[in-house]
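All remarks here apply to the structure that follows.
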Amino acid sequence: MNELDEEGRQKRLEALAPDLLADLEADDEGDDHPLPDLPNAEEGAVRMRLAPNPNGPWHLGSARMPAVIGTYKDRYDGWMLCRFDDTDPETKRPDLAAYDAILDAIDYLGFEPDEVARASDRMETYYEHARELIDLGGAYTCSCPAAEFSELKNSGEACPHREKAPETTREEFDAMVAGEYDAGEMVLRVCTNIEHKNPALRDWVAFRMIDTPHPREAASEHRCWPLLDFQSGIDDHLFGVTHIIRGIDLQDSAKRQRFLYDYFGWEYPDVTHWGHVQIDAYDVKMSTSTIKGLVEAGDLDGWDDPRAPTVASLRRRGIRGDAITEAMVSLGTSTSNVDLAMSAIYAANRERIDEETDRAFLVRDGVEKTVVGGPETGEPPVHPNHEDRGVREIPVEGAVLIEPDDVPANGERVWLKGYGCVRHTRDAFEFVGTDIDVVREEDVPVVHWVPADDNRTVLLRTMEGDVEGRAEPGIASRDPDEMVQFERIGFARIDAQNEGETVAYYAHS
RNA sequence: GCUCGGUUGGUGUAGUCCGGCCAAUCAUUUCGGCCUUUCGAGCCGAUGACCGGGGUUCGAAUCCCCGACCGAGCACCA
């Protein structure tokens, strides 16, 4: 039994005990979820949202949001909103191209929002709720300079504006909406508890004035903008969100918003806060503003530069979105900070593409050696596990290139994969034969090679920088977007076929 | 300084609420073996962890106390 391979065992088991096999299969498909159950989740009634800030295309960390939230949506047959929280036209200025780039990224990761909204389209709704809150006595306009208020707040003292009549606040808030104040002159504060033991929760700002117009035409007239705690809090209720998942930096936000929910008599959604993700393997810091700066300065070729820790970069390298999703989901939702190893993404991707990806030879920094006395062509398989896909006929024409590290010492042998064994003598390769036993029994190393003349220049773009090499001639007929595995180097996505040169993006080994 | 949260192998994760089935799960990494005219692939296997100290208990990764370390908030950012 142990001598059989997996498939053989299955067949054997099928013959001996069909019932047992059925049981085994049922176990395989058990409802094993990588993520913990959502609290109070009801099948078909889970409503969640992604709330990206469209201030730039996504870095890799952002992929966690759709990966986890989308996975929950699918699992509970729920509903998912993508709401762009674009209420700061100045310090987190929206990038008009990012709205679509983000929707694209969500699609690439394998999910589709049931609804898309932009906070900057919903300003009247926020104003209305602000007015309602004022009438409930839950907010007051305040003209204290920020630093002054901060001092009062830290010592637990109210500012004089807190005692204002709601009518006055109403008037002043209407003036804010009308744009009658400049930035910094007036804010609307939510009345919480000025002596709350956590200073972060005391009378927080709900609306402030911003002079810079919003980049979206439709929102460019507004000067009075809500802050996230207000905007997001109101929207989550209005959209019927039942479950919120977001970063630990927003832990106090939930507590601030509860004051709002209490005034309105609403029930706060179930909320989960997760820690920050870091990703190993990158030199570039994973922050939208850092990447934006590097792209603008020309240090990166764009958001999809292979060195950039972005969703677009992995996509261009030929990594499948669902591989990223799988790796992100495996991080779970714990509140501690986590490090995601790129190798986890690579492993998930390799599992998906290995069987279907054809092999090819690529030689970097090729060393040329004349080949004496061998056959005219080498014929390595297109895919070693799939004989039916045939062989690649590679002409040798008397000389090959191999990588410097693979050149054997004088007098030693090497096996040119798909060709045969050669011996290094007097600066040339002398053909020895095609008896594979030398590899089996005498440990002759197996290496890849390309013809010295009939080859194709390849620019391989990697995380560590660009590498030039020569590939077997067949690489020129690969279509852009196809994947190949350069044997002993790794998987790569064909990006472009230029005049005399193939451009490929390196994915992983 | 005030407030809140966290700490399981190199990495991530399960288990912690309701102590025993946990000498701790799964994946990845690393290492080793195997297969293949012999892939940095695949298959098989191995190494490897409960932050520290006390306490409760027949029994603690799990409960309690103290400490260390890490992080977040205290913004007219999200």
Side-chain angles (χ1 to χ4, degrees), chain A residues 2 5-6 32 34-36 51-55 85-88 90-93 119 142 144-147 149-150 153-154 156 183-189 196-202 204-210 225 227-229 231-232 246-253 255-256 273 275-277 280 288 326-332 334-348 350-351 353-355 357 359 361 378-381 383-385 387 391 415-421 434-440 444-446 448 485-491 508-509:
Chain A
N2 289 334
D5 61 13
E6 185 60 31
D32 234 8
L35 290 171
N53 180 330
N55 63 336
D85 284 353
D86 56 350
T87 56
D88 182 353
E90 201 165 88
T91 53
K92 293 245 164 127
R93 188 169 178 76
C142 169
C144 292
F149 185 87
S150 174
K153 181 199 68 183
N154 287 335
E185 284 184 349
M186 188 68 83
V187 298
L188 183 76
R189 286 186 187 282
H196 196 286
K197 68 174 183 168
N198 185 347
L201 310 186
R202 299 173 188 164
W204 46 274
V205 175
F207 285 83
R208 84 301 209 185
M209 303 302 298
I210 293 180
W225 288 90
L227 281 104
L228 171 130
D229 290 322
Q231 173 268 122
S232 177
R246 62 184 169 202
I248 44 171
D249 46 328
L250 263 22
Q251 273 177 133
D252 288 343
S253 197
K255 293 172 187 163
R256 280 194 280 257
H273 294 278
H276 295 290
V277 199
D280 68 356
T288 304
E326 181 183 317
M328 288 294 174
V329 165
S330 78
L331 297 179
S334 87
T335 41
S336 44
N337 292 349
V338 296
D339 281 317
L340 173 63
M342 280 303 286
S343 59
I345 294 179
Y346 297 156
R350 191 180 297 126
E351 199 177 301
I353 67 172
D354 181 46
E355 279 303 306
T357 305
R359 271 48 174 172
F361 289 154
E379 298 186 342
H383 188 118
N385 299 352
E387 213 179 305
V391 297
W415 182 280
L416 301 179
K417 194 167 170 14
Y419 182 74
C421 182
T434 55
D435 183 355
I436 193 66
D437 284 349
V438 299
V439 172
R440 276 196 192 120
V444 169
V446 177
H448 55 106
Q485 189 206 82
F486 291 123
E487 293 192 48
R488 303 214 301 142
I489 295 173
F491 294 90
H508 51 78
S509 61

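Just so it is clear, the model here is predicted, and its values are computed rather than measured. Computed from heavy atoms alone, side chains included, the values below leave out hydrogens, waters and symmetry copies.
One finds a side-chain N or O of A:Arg208 lying less than 4.0 angstrom from the OP1 or OP2 phosphate oxygen of B:A78. Contact between the side-chain N/O atoms of A:Ser150 and the OP1/OP2 oxygens of B:A75 is found at a separation under 4.0 Å. OP1 and OP2 of B:U3 both lie 4.0 Å or more from every side-chain N or O belonging to A:Arg256. The shortest distance between the side-chain N/O atoms of A:Arg440 and the OP1/OP2 oxygens of B:U37 is below 4.0 Å. For the OP1/OP2 pair of B:A75 and a distance below 4.0 Å, the side-chain nitrogens and oxygens of A:Lys153 include at least one atom meeting the criterion. For B:A78, one of the phosphate oxygens OP1 or OP2 lies less than 4.0 angstrom from a side-chain nitrogen or oxygen of A:Thr87.
A donor-acceptor pair shorter than 3.5 Å cannot be found between the side chains of A:Asn55 and A:Thr288.
The side chain of A:Ala146 sits closest to B:C76 out of B:G73, B:U37, B:C76. For A:Asn198, taking side-chain heavy atoms from C-beta onward, the closest of the listed nucleotides B:U38, B:U29, B:U3 is B:U3. Side-chain atoms of A:Val205 lie closest to B:C76 of the nucleotides B:C76, B:G5, B:A72. When distances are taken from the side chain of A:Leu250 to each of B:A78, B:U37, B:G73, the shortest belongs to B:A78. Among the nucleotides B:C77, B:A41, B:C76, the one closest to the side chain of A:Val187 is B:C76. Distances from the side chain of A:Asn337 to the nucleotides B:G6, B:A75, B:G71 place B:G71 closest. Counting only heavy atoms from C-beta on, A:Asp249 has its side chain closest to B:A78 among B:A78, B:C39, B:U38.
Across all strands shown, A:Asp280 has no heavy atoms under 4.0 Å from either base or sugar-phosphate atoms. Using a 4.0 Å heavy-atom distance criterion, A:Ser334 is classed as a sugar-phosphate-only contact. Among the protein residues, A:Trp204 comes within range of no part of the nucleic acid, since none of its heavy atoms lies under 4.0 Å from any strand. Within 4.0 Å (heavy atoms only), A:Lys92 reaches at least one base atom of the nucleic acid. Within the 4.0 angstrom heavy-atom criterion, base atoms lie near A:Ile489. Among the protein residues, A:Ser330 comes within range of the sugar-phosphate backbone only, with heavy atoms under 4.0 Å from sugar or phosphate atoms but none that close to a base.
B:U47 and B:U56: their P atoms are spaced 36 Å apart (whole Å). Rounded to the nearest Å, the gap between the C1' atom of B:C65 and that of B:G20 is 24 Å. Spacing of C1' atoms, B:A23 relative to B:A49, comes out at 13 Å, to the nearest Å. Taking the P atoms as reference points, B:G33 lies 24 Å from B:C26, given to the whole Å. Taking atom C1' in both B:C50 and B:U62, the straight-line distance is 10 Å, to the nearest Å. B:C21 and B:C66 are spaced 33 Å apart, taking the C1' atom of each and rounding to whole Å. With both ends at atom P, the span from B:U30 to B:U11 equals 14 Å, rounded to whole Å. Taking the C1' atom of each, B:G48 and B:A24 are spaced 13 Å apart, rounded to whole Å.
Between the side chain of A:Thr434 and the base of B:U37 there is at least one donor-acceptor pair of N/O atoms closer than 3.5 Å.
Note that CD of A:Gln251 and CZ of A:Arg246 are 10.0 Å apart. Values are rounded to the nearest 0.5 Å.
Per the geometry, CG belonging to A:Leu416 stands 14 Å off P belonging to B:C39, to the nearest Å. Atom pair A:Asp339:CG and B:U28:C1' shows a separation of 14 Å (rounding to whole Å applied).
A salt bridge does not link A:Asp435 with A:Arg440: none of the charged nitrogens is closer than 4.0 Å to a carboxylate oxygen.
Considering only residues two or more places apart in sequence or on other chains, A:Phe491 meets the ring-ring contact (aromatic ring centres under 6.0 Å, His included) condition with A:His508.
Minimum heavy-atom separation, A:Ala183 to A:Ile210: CB-CA, 4.5 Å.
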